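Only a predicted model underlies this, so the values are computations on that prediction, with no experimental measurement involved.
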2 protein chains.
Amino acid sequence: MATGRTHRPATRSRGIPEATVARLPLYLRALTALSERSVPTVSSEELAAAAGVNSAKLRKDFSYLGSYGTRGVGYDVEYLVYQISRELGLTQDWPVVIVGIGNLGAALANYGGFASRGFRVAALIDADPEMTGKQVAGITVQHSDDMEKIISENGVSIGVITTPPGVAQQVCERLVAAGVTSILNFAPTVLSVPDGVDVRKVDLSIELQILAFHEQRKAGEEAEAQAGAVVAAHQESDGKGPDGDVPAVMPA
Amino acid sequence: MATGRTHRPATRSRGIPEATVARLPLYLRALTALSERSVPTVSSEELAAAAGVNSAKLRKDFSYLGSYGTRGVGYDVEYLVYQISRELGLTQDWPVVIVGIGNLGAALANYGGFASRGFRVAALIDADPEMTGKQVAGITVQHSDDMEKIISENGVSIGVITTPPGVAQQVCERLVAAGVTSILNFAPTVLSVPDGVDVRKVDLSIELQILAFHEQRKAGEEAEAQAGAVVAAHQESDGKGPDGDVPAVMPA
DNA sequence: CGTTGTGAAATCCTTCACAGCA
DNA sequence: TGCTGTGAAGGATTTCACAACG
C-alpha cells in the first residue's frame with residue numbers, strides 16, 4: 001500500500017497543511033458565489049459562515065497562503081479567488097479520463113462540475129466493446145485497449161475509476177503505467193499505487209456506514225436520555241467531525 | 001454552521017474517535033472478503049495490509065472496541081465481522097430515501113453496495129412530475145409532495161440528496177422536519193442543519209481540486225528536482241472528508 | 001475602531017516500542 | 001515464540017486570545 005512517506009525535500013517547502021488544502025476548494029466556492037454577486041470584500045467571519053467553518057480556522061488557513069487580507073476591512077473577493085485558484089493549480093487545464101462508463105461513470109461525465117473549473121473530460125474509456133463508439137455526454141466512448149495511447153496523446157495526469165471493484169486495481173496499474181499520477185477512485189476497493197501517485201477515494205457505502213454509526217448512537221442515547229442529558233450535535237461541515245464524539249452516556 | 005458543542009457527560013464516555021469510526025467500514029470490507037474465502041483468522045499485519053493502513057493503527061483502533069484478538073494468533077474473522085457490524089449499527093436495517101433522481105440519483109439507486117449491508121432504498125423521490133411513477137432500479141419514483149408521508153411511513157432516518165445545488169438546502173430542511181437525522185449530501189452546497197443532525201458530503205469537484213493541488217506540486221518539484229530530491233507520495237486512503245464545492249456551476 | 005495574522009495552548013490522531021499473554 | 005494491547009512520545013490540527021495594523 002504505498003506508505004506515503006512524506007519526505008520533505010530539504011528546500012524550503014511551501015508546506016501547506018493537508019487539512020488546509022482540503023478546505024481551499026470550499027473557500028473558493030463561497031468566494032465565487034460572492035464574486036458573482038459582485039460583492040467586493042468579505043470578512044473572515046462572513047466567509048467562514050458561507051463555507052461552514054469557523055473564522056479562526058479560516059484565518060489560519062489563509063495565513064499559510066500569505067497575507068492577503070486588510071486589517072479592519074477583510075479580504076478582497078476577486079483577489080482571493082485568484083490566489084486560491086492559483087494555489088490549487090486551477091489556472092491551468094487538467095485533462096481527465098473516466099474509466100468505466102456504467103451508470104456512475106456516465107453520471108459523472110454528465111456532471112457539470114467537471115468543466116466548470118480547470119477540469120476537462122478528455123476521454124471516456126470502457127472495456128465493453130458494446131460501449132465503444134457510443135456517445136455519452138457528447139463524448140465518444142473509446143475502448144480500453146487504447147488506454148495508453150489516449151493518456152499519452154492527451155497528456156492526462158488525472159484518472160477517475162468508476163469500474164466494478166474486481167477490475168479497479170488492474171485499471172489503476174495501467175493508468176499509472178501510462179503516466180497518470182493522480183487517481184480518484186469510486187470503486188469500493190483499496191488501490192495499491194507506487195510512491196508519487198496520489199489516490200483519493202469516494203465511497204458511498206463507507207459514508208453510509210459512518211452515518212449509521214452515529215444514527216445508532218443517537219437512538220441509544222434517546223432511550224437513555226433522562227433529564228439533564230445533553231444530546232450532542234454533529235455538524236461535520238468539513239472533513240472530519242470537528243466536535244468529534246457523542247456523549248454516549250455509558251450506563252452500567 | 002451549527003457549532004456542535006460537545007458536552008462531555010461526567011460519566012466515562014464510550015468515545016470511539018471519529019477517525020477510528022471512519023476506518024471501521026474499511027476493516028469490515030476486508031474482513032468480509034476474508035470471510036468469503038473462509039479464512040478463519042487474520043493477524044493485524046495482514047488485515048492492515050488488506051485495508052490499506054498500518055498495523056499499529058489498526059490495533060489501536062480495535063482497542064477502542066475491546067479486546068477481540070488472541071495474542072500470538074490474531075483475530076477471529078467471523079467474530080470481528082460481527083463485532084464491527086454491531087458497532088456500526090449494521091445488524092439492523094436502515095431504510096434510506098434518495099431525493100433527486102437525475103443521472104447521479106439513478107446511478108446510486110442502481111448501485112449494489114446499498115442493499116448489501118444493512119441499507120435498503122425505501123423510496124426514490126423527485127420533484128419533476130415527469131419522473132413520478134417511472135421505475136428506476138425496480139423502484140417507483142414518487143413525487144416530492146409526498147416526502148413527509150414517505151419518510152414517516154417508512155421510518156426513514158437517513159436521506160441522500162442528489163438534487164441540483166440550488167434546491168439542496170430546502171430539500172434538506174424538509175427531510176429534517178420530517179424526521180431525517182442523517183444526511184449524505186452529493187450536491188455541491190454547504191448544508192445548514194440543526195444540532196443533532198449529521199451531514200456528510202461527497203463532492204467530486206473538491207476531490208479533483210485536491211488532486212490538482214498535489215499534481216501541480218509534483219510538476220513543480222520535478223522541475224526543481226536535482227539529484228537526491230525525494231518526491232513525496234500521498235496515499236490518502238481514507239477520508240477525511242468529503243466537502244462540497246463546485247465553482248459556481250449555474251445549474252440549468 | 002474593526003479585523004487580520006499569529007504565537008501559544010489545547011485537542012486530536014498516529015506512531016513507537018515493548019510488556020504481557022496465549 | 002509470535003502477536004496483541006497499550007502507555008507514552010511525537011505530529012498534526014484546531015482553538016484561543018490578543019497584539020498589530022489599516
Side-chain angles (χ1 to χ4, degrees), chain A residues 1 3-8 13 15-24 27 40-49 51-77 79-80 83 234-246, chain B residues 1 3-8 13 15-24 27 40-49 51-77 79-80 83 234-241 243:
Chain A
M1 355 277 58
T3 321
R5 288 209 291 124
T6 302
H7 263 237
R8 184 163 304 284
S13 140
I16 298 178
E18 189 58 30
T20 294
V21 172
R23 281 187 295 267
L24 291 181
Y27 302 145
T41 61
V42 66
S43 70
S44 64
E45 202 72 53
E46 294 164 326
L47 184 53
V53 302
N54 72 23
S55 64
K57 198 187 285 185
L58 177 142
R59 289 200 302 277
K60 181 64 100 180
D61 284 342
F62 285 179
S63 78
Y64 294 115
L65 309 185
S67 285
Y68 294 150
T70 306
R71 292 172 202 243
V73 178
Y75 301 91
D76 182 279
V77 171
Y79 186 59
L80 249 195
Q83 290 298 343
H234 286 264
Q235 163 75 309
E236 8 218 311
S237 343
D238 67 358
K240 277 316 179 38
D243 48 39
D245 83 324
V246 146
Chain B
M1 6 289 61
T3 313
R5 291 254 274 109
T6 302
H7 267 236
R8 179 170 303 279
S13 143
I16 298 179
E18 189 59 29
T20 294
V21 172
R23 281 186 296 267
L24 291 181
Y27 301 145
T41 61
V42 67
S43 70
S44 64
E45 202 72 53
E46 296 165 324
L47 184 53
V53 302
N54 73 21
S55 63
K57 198 187 284 185
L58 178 143
R59 289 200 302 279
K60 181 63 102 180
D61 283 341
F62 285 180
S63 77
Y64 294 114
L65 309 185
S67 285
Y68 294 150
T70 306
R71 291 167 202 246
V73 178
Y75 301 92
D76 182 279
V77 171
Y79 187 58
L80 249 194
Q83 290 298 342
H234 288 262
Q235 163 79 299
E236 14 221 308
S237 346
D238 81 325
K240 245 14 188 343
D243 298 304

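The shortest side-chain heavy-atom distance between A/Tyr75 and A/Gln83 does not fall under the 4.5 Å cut-off. Under the 4.5 Å side-chain criterion, counting only non-hydrogen atoms from C-beta, A/Asp76 is not in contact with A/Thr70. A/Val77 is not listed as a side-chain neighbour of A/Leu47, based on a closest heavy-atom distance of 4.5 Å or more.
If you take CG of A/Leu47 and P of C/dG5, they are 12 Å apart, rounded to a whole angstrom. For the pair A/Arg23 CZ and D/dT14 P, the computed distance is 4 Å after rounding to whole Å. Taking atom OH on B/Tyr68 and atom C1' on D/dT4, their separation rounds to 15 Å, with Å as the unit. Computed from coordinates, the A/Lys60 NZ to C/dA10 C1' distance equals 13 Å when rounded to whole Å. Atom-to-atom, NZ of B/Lys57 to P of D/dT6 comes out at 19 Å; the value is rounded to the nearest Å. Rounded to a whole Å, the OH atom of A/Tyr75 is 13 Å from the C1' atom of C/dG2. Distance CG (B/Asp61) to P (D/dT6): 13 Å, rounded to an integer number of Å. One interatomic measurement links the two molecules: CG of B/Leu58 to P of C/dC16, which rounds to 15 Å at whole-angstrom precision.
Where A/Ser67 and B/Pro17 meet DNA chain C, the nucleotide closest to each residue was compared, and A/Ser67 sits on the side nearer the 5' end. In terms of position along DNA chain D, the nucleotide closest to B/Gly66 lies nearer the 5' end than the nucleotide closest to the other residue of the pair B/Gly66 and A/Thr20.
Distances from the side chain of B/Arg59 to the nucleotides D/dT14, D/dT13, C/dC18 place C/dC18 closest. Distance from the side chain of B/Ser43 is smallest to D/dT4 among C/dA22, D/dT15, D/dT4. Candidate nucleotides D/dT13, C/dT14, D/dT4 were compared by shortest atom distance to the side chain of A/Ala19, and D/dT13 ranks first. Listed nucleotides D/dG5, C/dT4, D/dG22 differ in distance to B/Ser63; the shortest reach to its side chain belongs to D/dG5. Of the candidate nucleotides D/dG5, C/dT6, C/dC16, C/dC16 has the atom lying nearest to any side-chain atom of B/Ala56. When distances are taken from the side chain of B/Glu18 to each of C/dT4, C/dC13, D/dT4, the shortest belongs to C/dC13. Taking the side chain of A/Tyr64 as heavy atoms from C-beta on, and the options C/dT14, D/dT14, C/dC13, the nearest nucleotide is D/dT14.
Evaluation of atom-type donor-acceptor distances gives no pair under 3.5 Å for the side chain of A/Arg71 against the base of C/dT3.
Nucleic acid contact for B/Phe62: none, since no nucleic acid atom lies under 4.0 Å from a heavy atom of the residue.
When the side-chain nitrogen and oxygen atoms of A/Asn54 are compared with OP1 and OP2 of D/dT14, none of them lie within a distance under 4.0 Å.
The shortest heavy-atom contact between B/Ala48 and B/Asn54 is CB-C, 3.7 Å.
Of the residues B/Tyr79, B/Tyr27, B/Tyr68, the one that meets the ring pair (Phe, Tyr, Trp, His ring centres under 6.0 Å) test with B/Phe62 is B/Tyr27.
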